[in-house]
Amino acid sequence: MEAVLAGAISAALTRLGVGADPSRIGLERPARTDHGDWSTNAALVSAKGAGLPPRELAQQLAAELDGAGLPHLERTEVAGPGFVNLHMAPSWLHEVLAEVVREGVDGYACSDIGSGQTVNLEFVSANPTGPLHAGGGRWGAFGDSLARLFRRCGYATVTEYYVNDLGAQVLLFGQSLVARMAGEPVPDDGYHGEYVADWADELVAEMRAAGTADADISQLLEDAALEARHARIPVGTPPEARFAARWGIERALRDVRETLESMNVSFGHWQHESELAASGAMDDVFGRLRADNKIRSEADAEWLRTSEYGDDKDRVLYRSNGEPTYFLPDIAYHDAKFSLERFHQLQHHGATVHSATSSEVDLVIDVLGADHHGYVPRIAAAMQMLGHPAESYEAIVGQNVTLMRDGKVIELSKRTGTMVEVRELIDAVSPDVARFAFLLQSIDSRQTIDIDLLSAQAAENPVFYVQYAHARIASVARRAEADGVAPRPPAGTDLSPLTGDRELALLRALEVLPSVVEIALRERAPHKVTTWVRDLAAAFHGFYHDCPILHSEVPPEVRDARLCLTEGTRIGLAIGLDLLGVDAPEAM
RNA sequence: GCGCUUGUAGCUCAAUUGGACAGAGCAUCUGACUACGGAUCAGAAGGUUCGGGGUUCGAAUCCCUGCAAGCGCGCCA
């Protein structure tokens with residue numbers, strides 16, 4: 001419809017002899033329904049060029065559109081400074097509803113703007129040295145929903161979690177575990193959280209259960225096989241710390257994975273840094289950069305010339321002691337994400353045919369917390385140096401989340417060990433409430449989640465408002481079936497009885513979903529889906545309150561049309577809730 | 001000091017990226033059909049969109065400036 005109207009406006013302007021700038025002409029859904037179903041500013045932006053007062057040009061444009069014989073166009077009006085408002089007949093919305101029911105959950109509001117392009121999305125990637133914190137929950141909910149939006153819009157999508165299992169932090173984590181196992185104090189800059197003690201006990205118990213004598217435990221800790229996987233752990237590290245670190249990483253990852261999965265967040269691939277290191281990818285990338293003269297030596301260190309690509313200064317890849325910084329493996333990893341061959345290996349979700357117009361992955365996206373935003377220019381610079389187009393790497397920087405409990409903001413501190421885990425939030429409310437809460441607001445604004453408040457308001461939580469609408473519809477369908485009324489109305493249902501205010505409002509809400517999906521994707525803003533799904537639920541509850549469906553005094557043709565409307569609404573709710581990764585229940 | 005992000009109702013947040021009278025939820029107050037599921041619906045009240053300039057038909061949105069908050073600025077990750 002939008003395309004038809006836009007074409008008609010353009011043609012009308014041409015007939016009027018007005019040369020307009022297409023990029024400035026907008027066709028919008030007005031916020032107020034009395035401003036019509038569609039509205040264009042074409043006369044406003046073209047008036048100057050046409051040498052006419054805006055309202056006069058608007059009159060002419062309106063007359064042209066009235067005479068163009070456009071389908072469903074009821075009337076036009078000139079309003080305000082020179083808007084042309086287009087009022088559509090209900091038959092337009094009836095067609096939309098028929099389309100919704102015909103296409104269903106898997107078909108409606110699917111966009112083809114991705115047209116098979118490939119996207120790699122990395123998010124969370126929290127260091128595997130402990131349970132998941134609030135930020136991890138937010139990036140998980142955000143990244144997963146963004147991935148769902150990409151898929152619905154026709155992109156082949158791979159999601160990844162980068163497991164940082166090498167390096168100083170990992171070593172410290174291992175040392176902290178070992179200290180706890182031995183009943184010794186944790187190093188000052190180590191990990192002091194309670195969970196470390198718990199996990200240390202777990203590890204000892206595990207080894208004893210495996211039949212290891214206490215006297216042999218330290219011997220076993222010296223498993224040398226791990227050495228090769230820990231290239232970045234400095235030589236001279238006590239072997240037991242390496243063993244404990246290896247075990248601890250897997251323990252932490254299991255915890256992180258379970259927490260995320262309980263929120264319906266999953267990943268197509270968990271990329272261990274150690275595996276990347278073992279593959280020689282770091283050497284390969286370094287060699288390519290050196291061959292291209294992107295590396296310089298200074299003070300016994302090797303520097304990447306990122307300042308030539310927009311970074312504040314050059315960055316060290318190899319320290320003067322000969323060891324790489326974290327930056328080099330990160331470059332290798334991001335470079336690898338561009339590989340189409342790797343992409344297709346990781347794509348578990350069916351064989352999406354892609355256009356094969358490009359030789360590498362079209363879009364590589366990182367979702368990062370604000371505390372890492374300084375890292376973006378250097379990674380972007382490195383990607384350009386390796387020949388990846390500037391626009392194909394994208395970093396989405398989200399503001400941090402803080403959790404509140406007992407009226408106080410809970411500071412996350414590694415040193416004191418006072419941390420609040422996402423798990424705690426999920427246990428206090430529910431996975432759906434937690435995930436919905438994360439997706440309630442824009443990623444650009446800081447978020448404070450008050451666990452007590454969320455628990456106290458559990459009954460009137462917005463997610464239940466939406467889920468209740470879905471459950472109500474399911475209930476109506478059950479009732480209809482019990483009454484012997486067709487539970488899924490045939491596509492040929494006469495929808496013309498749907499002309500009441502509540503019915504039209506609900507139809508309008510349903511109609512905008514495809515554009516909401518596209519906008520939410522384009523703006524990387526899943527919270528727009530949250531806003532929309534609440535609007536749809538509100539429109540439904542209003543309809544449901546005022547419009548009886550199965551009452552005996554409702555004429556059959558009205559009943560059937562309304563049943564069709566509820567089915568369309570159910571489809572819309574199911575799509576929205578699926579994009580948000582939240583359950584759409586049949587009953588509550 | 002420099003950079004990124006943010007500042008909207010008492011509270012938590014939206015606002016079709018420059019559109020028309022800035023909207024929801026919570027909290028407060030007042031109401032509703034014997035109810036196909038009341039976890040619902042209707043209404044009231046609540047605003048100098050942080051302050052000050054500017055751009056134009058039109059600004060919460062863009063530009064300049066001041067204030068405030070978070071984050072970042074290492075041969076740490």
Side-chain angles (χ1 to χ4, degrees), chain A residues 24 26 28-32 34-35 39 41 43-45 47-48 53-55 79-83 85 127 164 167-170 298-303 312-313 315-321 323-327 330 369-377 397-400 402 437 440-450 453-454 456-462 464-469 471-480 482-483 502 512 515-516 519 522-523 525 527-528 530-532 534-535 538 540-552 554 559 562 566 587-588:
Chain A
R24 292 186 61 206
E28 294 172 342
R29 318 299 311 274
R32 303 166 55 91
D34 50 305
H35 289 155
S39 176
N41 62 353
L44 282 166
V45 299
K48 202 167 273 183
R55 282 192 65 101
F83 290 102
N85 296 337
N127 274 349
N164 224 292
Q169 290 306 313
V170 169
E298 182 188 314
D300 293 330
E302 304 291 337
W303 302 69
D312 292 339
K313 54 183 186 178
R315 306 288 169 176
V316 172
L317 290 182
Y318 277 105
R319 291 187 269 247
S320 50
N321 68 3
E323 289 183 19
T325 64
Y326 77 96
F327 188 34
D330 267 10
D371 52 340
H372 285 87
H373 82 258
Y375 144 110
V376 173
V397 177
Q399 297 302 303
N400 292 334
T402 48
L440 215 40
Q441 59 186 272
S442 158
I443 201 82
D444 289 332
S445 64
R446 279 179 64 210
Q447 185 172 41
T448 305
I449 293 182
D450 186 328
L453 196 64
L454 212 56
Q457 294 177 346
E460 55 265 2
N461 191 280
F464 294 142
Y465 182 80
V466 177
Q467 290 181 320
Y468 182 56
R472 266 184 151 176
I473 293 172
S475 171
V476 169
R478 284 192 295 270
R479 176 63 177 267
D483 290 355
R502 300 321 278 256
V512 295
S515 72
V516 167
I519 289 167
R522 192 169 64 235
E523 299 181 9
H527 79 276
K528 304 230 171 196
T530 315
T531 303
W532 175 83
R534 295 174 73 184
D535 287 346
F540 172 76
H541 285 309
F543 157 78
Y544 184 85
H545 189 265
D546 285 1
C547 304
I549 302 164
L550 298 173
H551 284 182
S552 52
V554 177
R559 178 199 64 199
R562 286 179 176 170
T566 54
M588 293 176 70

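First the proteins, then the strands, lettered A, B, ... as listed; each starts at 1. In what follows, every heavy atom counts, from backbone to side chain, and hydrogens, waters and symmetry copies are set aside.
Residue contacts for A/Tyr465: at a heavy-atom cut-off of 4.0 Å it reaches the sugar-phosphate backbone alone, with no base atom in range.
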Name each donor-acceptor pair under 3.5 Å that joins a side chain in residues 540-548 of chain A to protein atoms two or more places apart or in another chain, with its distance.
unit_1	atom_1	unit_2	atom_2	d
A/His541	ND1	A/Arg472	NH1	3.0
A/His541	NE2	A/Tyr465	O	3.1
A/Asp546	OD2	A/Arg502	NH1	2.7

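The closest donor-acceptor contact from the side chain of A/Thr531 to the backbone of A/His527 lies under 3.5 Å.
Residue A/Arg319 places at least one side-chain N or O under 4.0 Å from the OP1 or OP2 atom of B/rA77.
Residue side chain A/Ser475 does not reach the base of B/rC36 through any donor-acceptor N/O pair under 3.5 Å, judged by distance alone. Under 3.5 Å, the side chain of A/Tyr326 and the base of B/rA77 form at least one donor-acceptor pair of N or O atoms.
With sequence neighbours left out, A/Tyr318 forms a ring pair (Phe, Tyr, Trp, His ring centres under 6.0 Å) with A/Phe286.
Judged by centroid separation below 5.5 Å and plane tilt below 30°, A/Tyr544 does not stack onto the base of B/rU40. We find that the ring of A/Phe83 and the base of B/rG19 do not stack by the test of centres under 5.5 angstrom and planes tilted less than 30°.
Positionally, the nearest nucleotide of RNA chain B for A/Pro548 lies more toward the 5' end than for the other of A/Pro548 and A/His372.
B/rC13 sits 26 Å from B/rC73 when the P atoms are compared, rounded to a whole Å.
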- Message: Across nucleotides 3-15 of chain B, 5' to 3', mark each nucleotide with B, S or - according to how protein heavy atoms within less than 4.0 Å reach it.
- Response: BBSS------SSS
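Closest contact between the side chain of A/Ala299 and the listed nucleotides B/rG37, B/rC75, B/rA24 involves B/rC75.
Base pairing analysis places B/rA68 opposite B/rU6; the two distances defining the Watson-Crick or G-U wobble pair are each below 3.5 Å.
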